[in-house]
Amino acid sequence: MARTTIHPGACPLDCPDTCTWQLTVTDGRAVALRGDRDHPFTRGALCGKVNRYLDAVNGPDRLTRPLVRVGPKGVGPVSYRPASWDEALQRVAAGLRATIDADGPQAILPYYFAGTMGLVQGWTMGPRLFAHLGASRLRTTICTAAARAALQSIYGGSVGFEPESIVDARLIVLWGANLLSTNLHHWPFVQEAQRRGAYVVTIDPLRTDTAARSDEHVAPLPGTDAALALGLMRHIRDLGGVDREWRDAHTTGGERLDARLDEWPVERAAAECGLDADVLRRLGARIAGTRPTAIRVGLGLQRHAGAGQAVRAIAAIPLLTGDFRYPGGGALVTTSGHHRIDPDRVARPADLPTPPARSINMSRLAAALTGEADPPVTSLVVFDANPAATVPDQNRLRAGLGRADLFTVVLEQRWTDTCDWADVVLPATMQPEHLDLHTSYGHHYATLNLPASTPPGEALPNTEIFRRIAAALGLTHPRLRDTDEDLARQLLDGAGVGFEELREHTYARATGVDVGAAPYAKGGFPTRDGRARFYDPQLTGQGVDPLIGYTPPVEAADPQLARRFPLALISPAGRFLMNSTFASLPWHLDRTGPPRIHLHPVDAAARGLADGDAARVHNDRGAFLATVAVDEATRPGLAFTYKAYWARLSPGGSTVNAVTAVRDTDLGGGPTFHDTRVQVEAAPAEAPAQPA
Ligand code: SF4
């Protein structure tokens, strides 16, 4: 008789919501998945893409055995044959040892990110093993590095208003935040605020679904957010909207900011942002006159050269208006700084020797593999990531991944673009099959996920794979044998919530901030003196103005480049794909359709392009093919395409990252995906995607 059980767990995807789910398992197989209706923030519904998560878990394309390369790199599964775990691990150990012997341990680079947000599988045993070896450390910059650095500078950490308190806001500004696609479970709280009378403004270069359902949509040019924030602050000040008592009690640098605002009359800001000055005046007046105002900031506006200053400038607005005084007031980019779990402490425990090592910026992987790293990287171990699809300058990256002297190991659940370049591919488990622990960057709860279903074939958790690699290398330190439960308990040490509590209840509020609280009503920001900072002397010498200001985009604002590549291009997240997860699954691809280049009707007409035409999108770095979508959601001069497709499954074999650049943000060393210029033209029949 079939045995059916139900298991609570956590969605592992790179999403601020970190939903709790209920998984039904019959005879070891995951057969049904639904949201946990009791969770106070996510309240039961999973998003569309994860409603079909079991397509990924039970897919016939799951990797079930280790694979070793027997043919050329870059051509796909045909170059591989199955191997036993023993043979594969010996190959991995031999490859890593050869690198250490020839070039030293820093020539090894572990490469990982948010393929799972689970702290146990993603951020403990793998980084621990490589730290012990003395491998290069990875600067994990590809998502929120600019915001983290900016928030550190202004608030002292990645903190903000309590997200559930947004129901108390009277004005909500969704700044670069497309909640309906990327933060779905915050939207009902916004709707509740609307029911109570709040006015909702979305600031986004595109008319997203969220913008369309807001009371007002403001569409600045991409990368000009800091100019917009400075113009708004100037107008707020001119209208007498500064709460001087609160500002003077809980911030430093207010007088310097005053002087900076003198440089930013509304007309200047509006011209920089491509907006009518009256739009700024109206919004500035609304903010000046509405308490509390909540500013929910999305992550996309960080993908510009001036991202650090943009986040600082937006985060400064509630410091002027005093909105942090009130529940539902302030700014919020991420809740991650409220959680008291530090994976770095577990990755490098005090009793495990970890030699000093250089750091390599993950967003610069294409450059690091093609000459920038000295000594060169000669071993690359990839887990929870698909860099061949997701990092900038795809052609340059492929040249690096294809190097004959590069030994590459990939831990994966299914065959991806990056597997094409591996020497050894190791089959990894998915969320229902392993233990993991999650915080959240969108709410204040921690969640435990326990293994519930049987992995396919010989797939193993990342942690177990790294334990076996350590053993194959002859490493005997007991910290390299810690179990997954050991690692979870170490993560929870001092976190304010215990393993037993989570094992019993699955999730728990974990930050010490109460629901609906105003944690900074009386200051107490996590800076040394408890004050937020408009001026940060620590930034002196880092190439960034210590005072909040404006760093313009590099390509988008370059008139010379615009002559050759007249369209600015951004590549936001869509609704049915998640970074590069799901981009090989039929149901998700059916919903998403082929890669599209969205053009304003004026730009499409100027190129003789119509809906459904095949187009080639190109610049000096490369090209990709896409289907034209004529779309009034954008403005003339601005094209967009959704990210997350895989090159190996795309027409022409390239994605949007063939045209994006390796270039750092002004703060934090993040990538500048949205600071790109291109030309779009009809694709000739049988056109190669890449320049000859
Ligand atoms: S991707 Fe986000 S919204 Fe969707 S189920 Fe996972 S955590 Fe929830």
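Just follow the structure's listing: the first ligand is 1, and inside any ligand the first atom is 1. As the structure is a computational prediction, the values presented were derived from the model and not from experiment.
By the criterion of a heavy-atom distance under 4.0 Å, neither the backbone nor the side chain of Leu184 is placed next to ligand 1.
Using modelled atom types, one finds a donor on one side chain and an acceptor on the other under 3.5 Å when comparing Asp484 with Gln121. Looking at Thr144 and Arg148, their side chains do bring a donor and an acceptor atom within 3.5 Å of each other.
In this structure, CZ on Arg575 lies 9.0 Å from OH on Tyr642, to the nearest 0.5 angstrom.
By the 30° and 60° cut-offs, the orientation of the rings of His598 relative to Phe640 is parallel.
Nearest protein neighbour of atom 8 (Fe) of ligand 1, counting heavy atoms only, is Cys19 SG, 2.3 Å. For atom 4 (Fe) of ligand 1, the closest non-hydrogen atom on the protein side is Cys47 SG, 2.3 Å. From the protein, the heavy atom lying nearest to atom 3 (S) of ligand 1 is His185 CE1, 3.5 Å. Residue, atom and distance of the protein heavy atom nearest to atom 6 (Fe) of ligand 1 are Cys11 SG, 2.3 Å.
For Thr18, the heavy-atom gap to ligand 1 drops under 4.0 angstrom.
Contact annotation: Cys15 places no N, O or S atom under 2.8 Å from atom 8 (Fe) of ligand 1.
Of all the atoms in ligand 1, the ones that sit under 4.0 Å from a non-hydrogen atom of Val50 are 1 (S), 4 (Fe), 5 (S), 6 (Fe).
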